[in-house]
Each structure stands twice: as structure tokens, then as C-alpha cells.
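The basis for the numbers below is simple: all heavy atoms, side chains too, and nothing from hydrogens, waters or symmetry mates.
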Amino acid sequence: ILIYILSVGLSCLKWRLLLQSQGHNVAFPTLMHWYLLGAFAGTFLPSSIGGDIGRSYIAGRGIGSQADALMSIFAERVTGLIAMLALAAITLAIVPEILNMPAFVPFGLLVLMILSGAIAILLIRYQPVWLPTYLRKLFGYISNTFQQYRAQPSTLIFAMLISLFFHGLTAVSLWIACLSVTPSAPASTALVAPLIGLTGIIPLTPGSLGIREGALAYLLQHNGLSLDQAVAVALITRALLFISALAGMPGFFIEMHGRTRKVPKNIPSK
């Protein structure tokens, strides 16, 4: 749980840097509050990024620009995804047998994801006329925002370093969970973390419930743990995520109460 809180702090530090690049100076405690709200909402929304929708809406109201809030969170996620892909590629290069399938399958999936990203970048950059108008407008705004980030390369470099450190902490957290089940858990179980992070992108269930646990149990079995130990680790890590996300519950209901309470009408003086 302490590692989770530290990871949230790192994410908010990166988010603050990206918002500052857009001209918004938001206090760190405020960003922590917004982030925890999004984490709590994400527990009930599809995929691990479902809570970003609520976080973007609340942040947009706070800074006065829904578009800037959305783009800052988008940039935060993209830098995190790039770091996670890099770590996943390193993992597969070091221990290709971790997936218990031919090496060309995971590497092919990584290449496919990289190509998809490259195509998306080209579409955003050139905005072909055959795209629908609303997509060209969206891609145009994305392009302009990233031009702001490119003007401050040190910010992007620092954001990438924070992302690498974030995923490193996630790997350590997973290894600690494995040690809680069996003291003989090898340190290599930490290498599973970036691969599990990629499964969280799949928007099928609230908070990727079931998808993440199934993938984690499967991978841990091929990395020194028995079936019952792997399932136990999967359930423990899910419970820790849920308990940690509860930190955003009070603020969530305060926000909801603030949105729904009625404003008293002005009584004209006689």
C-alpha cells in the first residue's frame, strides 16, 4: 500500500510537469486529490484507464479547460505506455520463455503495437482529408498540444524517467506480494509486472477485473510459483489495489454531494 501511495505521488509529479508545460500551475495536493478520485472511479469502469475519464472531467473544471486536462492525462498515459512497452520488450528479451510460447508470438505482438502507434502518430501529424471532420479537429488539437511538449524536451525526458521508476516500483510490489505467499519466490517474478500492465489496457471488465488476475496467475506459474500460489498472489494484489483505491472514496462522495446539492434561491428584499 505504501508503494502504491508513492507511485500515485510519482504519477502526480509527472502530471504536474505536463500541466505546467500547458501553462497550468496546479498544487500537488490538489492533483493527488483528483488522481485518487479517478482511481476510485476506475475501480468500477472498464479497463485500468477508465478512471481517467472522471479524473479528466474534475481536473478540467479545476483548471478551466477540459481539453487541456484531457490532453495532459493522455500525455501522461502515453509516456507510461512507452516505458511499459520498453520494459516488456526487455523482459521478453531476457526470459522469452516467460509466456510459455514461441518467442515470435510476443515479439510479434510488440511489433504490432509499435506499428499501431506509428500509424496513429502519422494520422495525428498529417490528418488526411479522408478522416471525419471531428477526428481531424481532435488530431489537430493533439498535435498542437504535443508541439508545446516538444518545445520543452527536458519535461518529456523527465516524464519518461518518472514512468520507468513508477513501473520499477510496480515490479517490486509484485515481488513482495509473491514473497508474502512463498519466501522462496524468485526475484524474476518482478519481470512479470510490465506484461501484466499491458493487459490492463483491454477494456472488457471494470478495472480489468479477472483479465489481470488470469494473466498474472498464468505468468507466475511459468516463473517458479505453483497454481495455488499464483492465484493467491493475483487475489492479494487485486485486494491491495481495491483497498488503496478506497482512499479516493471520501473525496468522490464529497464531489458528488457538491454537484447535487441545491443552491438556495435569492429572496428579493422588500
Side-chain angles (χ1 to χ4, degrees), residues 3-42 45 47-88 113-114 116-118 120-125 127 135 137-170 194 197-198 200-201 245 247-248 251 255:
I3 289 177
Y4 175 84
I5 294 172
L6 179 57
S7 299
V8 170
L10 286 173
S11 296
C12 290
L13 176 60
K14 181 172 68 169
W15 190 16
R16 190 167 190 264
L17 288 172
L18 295 171
L19 281 171
Q20 284 177 336
S21 298
Q22 295 175 287
H24 302 287
N25 191 18
V26 184
F28 187 80
T30 301
L31 292 178
M32 285 284 288
H33 172 63
W34 291 344
Y35 196 99
L36 290 172
L37 289 179
F40 176 71
L45 295 174
S47 89
S48 62
I49 60 177
D52 291 341
I53 300 172
R55 177 160 62 111
S56 172
Y57 174 72
I58 294 171
R61 287 195 302 151
I63 66 176
S65 173
Q66 292 290 342
D68 284 357
L70 179 61
M71 284 310 306
S72 66
I73 294 173
F74 177 73
E76 180 209 341
R77 283 294 185 177
V78 168
T79 53
L81 179 60
I82 292 173
M84 193 157 50
L85 282 172
L87 292 175
M113 293 181 71
I114 292 171
S116 300
I121 291 173
L122 289 174
L123 290 175
I124 292 171
R125 174 67 178 84
Q127 302 162 40
L135 276 182
K137 288 183 178 180
L138 175 62
F139 288 167
Y141 189 82
I142 293 174
S143 179
N144 292 336
T145 302
F146 274 96
Q147 289 297 329
Q148 295 176 328
Y149 294 144
R150 285 182 59 188
Q152 303 178 57
S154 59
T155 299
L156 288 178
I157 293 173
F158 196 34
M160 287 299 301
L161 291 175
I162 292 175
S163 295
L164 289 171
F165 190 41
F166 173 91
H167 291 299
L169 285 177
T170 302
L198 292 176
I201 301 174
E255 288 284 339

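- Side-chain atoms of I162 and F158, non-hydrogen and from C-beta on, do get closer than 4.5 Å to each other.
- With rounding to the nearest 0.5 angstrom, the CG atom of L6 is 5.0 Å from the CG atom of L10.
- Note that OG1 of T170 is 8.5 Å distant from CD1 of I3, once rounded to the nearest 0.5 Å.
- Relative to the six-membered ring of W34, R61 misses at least one condition, a distance below 6.0 Å or an angle of at most 45° to the axis.
- Atoms CZ and OG, on F166 and S7 in that order, are 5.0 Å from each other to the nearest 0.5 Å.
- Nearest heavy atom pair, residue A69 against residue S56, reads CB-O, 3.6 Å.
- The line from OG1 of T155 to CG of L17 is 6.0 Å long, rounded to the nearest 0.5 Å.
- Remark: side-chain polar atoms of K14 are not paired, donor with acceptor, to backbone N or O of S163 under 3.5 angstrom.
- Using a 4.5 Å cut-off on side-chain heavy atoms (C-beta onward), R55 and L37 make no contact.
- Of the possible donor and acceptor atoms, none in the side chain of H167 sits under 3.5 Å from a partner among the backbone N and O of A83.
- Smallest separation of non-hydrogen atoms from H24 and D68: NE2-OD2, 2.7 Å.
- Here the CD-CG distance, from E76 to L81, works out to 12.0 Å after rounding to the nearest 0.5 Å.
- For the pair F28/H33, no side-chain contact is recorded, criterion being any heavy-atom separation below 4.5 Å from C-beta on.
- Counting only distance, with no hydrogens or angles, the side chain of R16 and the backbone of L31 share no donor-acceptor pair below 3.5 Å.
- In plain terms, the two heavy atoms of P194 and L87 that are nearest each other are CB-CB, 3.9 Å.
- Crowding of F165 atom CZ: a count of heavy atoms from other residues, nucleotides or ligands under 6.0 Å not exceeding 12.
- Atom CG of L19 sits about 4.0 Å away from atom OG of S72, to the nearest 0.5 Å.
- Of all heavy-atom pairs spanning Q66 and Y57, the tightest one is NE2-O, 3.1 Å.
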